[in-house]
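Heads up, the thing below is written out as structure tokens.
Hydrogens, waters and symmetry mates are skipped; everything else that's a heavy atom, side chains included, is used. Below, chain A is the first sequence line, B the second, and so on; all start at residue 1.
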There are 2 protein chains.
Amino acid sequence: MAKPTLNDVASAAGVSRATASRALSGYGRISPITVSAVKAAAEKIGYQPNAIAQSMRAGKTRTIGLVIITDFTNVFFNRATKGIVDTARAMGYQVLIFNTNEDVVLEREAIITLTQKRVDGLIVVPSTAEGHEHLISLTKSRTPLVIIDRVLPGVKATSITTDDASSCEAAVDSAVALGHRHLAFLVATPTVSGYQSDVPQLLNSAIESRVKGFLAGTQKQKKIRADWIFCDESPETALEAAAKLCDSPMRPSVIFTSNNDMAQAVLKVVAERDLIIGKDISLVTVDDSTWLEAIYPGITVIQRPVDELAQLAVTKLVAQMETSSKRVETILLPTKLVTRGSIADLS
Amino acid sequence: MAKPTLNDVASAAGVSRATASRALSGYGRISPITVSAVKAAAEKIGYQPNAIAQSMRAGKTRTIGLVIITDFTNVFFNRATKGIVDTARAMGYQVLIFNTNEDVVLEREAIITLTQKRVDGLIVVPSTAEGHEHLISLTKSRTPLVIIDRVLPGVKATSITTDDASSCEAAVDSAVALGHRHLAFLVATPTVSGYQSDVPQLLNSAIESRVKGFLAGTQKQKKIRADWIFCDESPETALEAAAKLCDSPMRPSVIFTSNNDMAQAVLKVVAERDLIIGKDISLVTVDDSTWLEAIYPGITVIQRPVDELAQLAVTKLVAQMETSSKRVETILLPTKLVTRGSIADLS
DNA sequence: ACGTTTTGCGAGAACGCTCTCGCAAAACGA
DNA sequence: TCGTTTTGCGAGAGCGTTCTCGCAAAACGT
């Protein structure tokens, strides 16, 4: 009842194992008659080649590892995952997924397991801004590696990120042009606990880029006030932080949030206070979602090219794997400010 | 520069390959001194066991295949994927993911590839309501298989689904109790193209269960009107169908949608017509999302126990794999109607 | 002190595949 | 016709493990 092997095919076809392999894999010298005989025999006994044995022989697995935060609430990583899985499949590769929940211990374990499973390459969203020895040792052992949504100065690997800074700056400009003079930034980052109004010393590059963009936007304007709140990623803290902004005697006229979870917290708090988005208070966030378009008013958003990023991650990785080139690229994809109805016109 | 093998460890430690294996894998008779010597040698040369070779030898891969619709807009499958990946990891298994986009051709290919990669078991969300020969042949070759979110009468495999019918019925009851007499059902199903008001002959079991629940709810009441619209899953059709409902001279007072995408279409159409959810028109949908709670008013929803389902899928599958029992179970998990503010009180 | 059991380890096979090598038979050339 | 090239195929090795078997040395029993 065991799965038929190449040996079974060979004896069914009355040839040697070598010939059977030649017939099925199409290499070497073999007569057309034998080929069809072997193929018929294989079909008949329901032969399925053992990819494990093939990998063993070839030293390649046609599998890539994905180490990511597959948080279901985060559109960006959901879409990226789907994009990576689909692109990989189209190129003949399968994807072994690990989810880290931004825990560097899980990340390290994931990478060890994937190395042991001998994946041909890895796509990683690193969870912390430091402590990347495990990634560095990957590059040292010449394992193809692509880092997405983060840039890690210490790691010599291709990284693909989005240019959040310029769109964030554009978002600030846009709000200021509409008459806003009191801006607030609600930024979620795993490196703080609770919330605080001063910039944490450690930010991952994606968040850092957004902060820089917002900052650049505010600093080039005169006479505007900018409040900052950095908070951890728990829904409770997000609500507290959003409430603090809304209940302040000096309520900002526009809130910029660094991700959809924060935007949701703002929406909730705003609704509880009977305020109307796009009228009493304005909102801009990062990463588009169908929800941001479905609700009323639509939320103005910084759209990031996630499908392109996913596709590029796979193609760059596969290029590395198949040519074993050591060329490291740092790719920055453009983002777009999509204007909907959530910024009030105060002018 | 090639990866060190067990042979390298053995010669570094001055023992045989067999002894090195014994020391690292902890079996057979071996002296404690040798064990630590071998471990030290392994550590020193940076040995990582080759899981491919282990799989080859053992005939097990400690990998499970997941064939699913990883549509980023669908909370249910996102959460299920995350739950499955995390539970599997905790149990020492890795997950190879395939996305079918509900295309049975891709599903078939995915299953062939996974069989060839010799996964120890499979979790599948079948894409069509018929044509499951590939799944049947899986069960015939005794590959452990768990089907989630669908029940396939022809396939002898464990299936885990949610009891959508009873909650859908409860949702209807709840609306009727609040004075609603004209109900509409907007149901997305891949088996129709465009939209139609009569029940299609072919529905997958998940959709069927919801339709049955809605029907049961309406049929036990007197003097109420129920409109049905079945439509494909494209955003455009969804909007058309939602518009048709809202623009009808006899506009229903409450709309039930079969998933979040349809709910979004309704929200959009309703907003365009300056109607207010929970006041001018009511809405209930299936599958909770943080958005349904964040927006105002919160949308009343039929919550399905997706984390439990994911966990159960993995544990049941692993149980099958590790005991090679052939026991087939059909598990139905309870759902919950979570009331928020989206059903107007007309009484 | 001698026989018996226990202990520790090495030799070698096996998992299923691919591919090199060599050999016989067929095809070719003059 | 005989020598040379080409063709088709089988034998066998090797990828990196695990594990059975057998053997020598150590430990034990009387």
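At least one side-chain nitrogen or oxygen of A/Thr34 sits closer than 4.0 Å to the OP1 or OP2 atom of D/dC9. Between B/Ser16 and C/dG10 there is a side-chain N or O to OP1 or OP2 distance below 4.0 Å. Dashed line: the shortest gap from a side-chain N or O of B/Thr19 to OP1 or OP2 of C/dG10 is under 4.0 Å.
Taking a cutoff of 4.0 Å between a charged side-chain nitrogen and a carboxylate oxygen, B/Asp149 and B/Arg304 qualify as a salt bridge. Between A/Arg62 and A/Asp120 there is no salt bridge, since no side-chain nitrogen of the basic residue lies less than 4.0 Å from a carboxylate oxygen of the acidic one.
The CZ-P distance, from A/Arg118 to D/dT17, rounds to 7 Å in whole Å. The distance between atom CZ of A/Arg22 and atom C1' of C/dG16, rounded to the nearest whole Å, is 17 Å. The CG-P distance, from B/Leu6 to D/dC15, rounds to 13 Å in whole Å. Rounded to an integer number of Å, the gap from CG of A/Asn7 to P of C/dC17 is 8 Å. Rounded to whole Å, the distance from NZ on A/Lys60 to P on C/dC19 is 13 Å. Atom CZ in A/Arg17 sits about 10 Å away from atom C1' in D/dG10, given to the nearest Å.
With B/Leu96 as reference, B/Leu114 is the one residue of B/Leu114, B/Leu122, B/Thr113 to meet the side-chain contact (heavy atoms from CB on, under 4.5 Å) rule.
Where A/Arg29 and A/Pro4 each meet DNA chain C at their nearest nucleotide, the meeting point lying more 5' is that of A/Pro4.
Within the nucleic acid shown, B/Ser55 has no heavy atom closer than 4.0 Å to any nucleic acid atom. Nucleic acid contact for A/Ile30: sugar-phosphate only, since backbone atoms but no base atoms lie under 4.0 Å from a heavy atom of the residue. Residue contacts shown for A/Ser21 include a base, since a base heavy atom lies under 4.0 Å away.
For the segment residues 39-54 of chain A, no residue has any heavy atom less than 4.0 angstrom from an atom of DNA chain D.
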Might you work through the side-chain contact (heavy atoms from CB on, under 4.5 Å) test for A/Leu6 and A/Leu24, ending with a clear yes or no? CA-CA 10 Å; A/Leu6 195 55; A/Leu24 296 176; 3.9 Å; yes

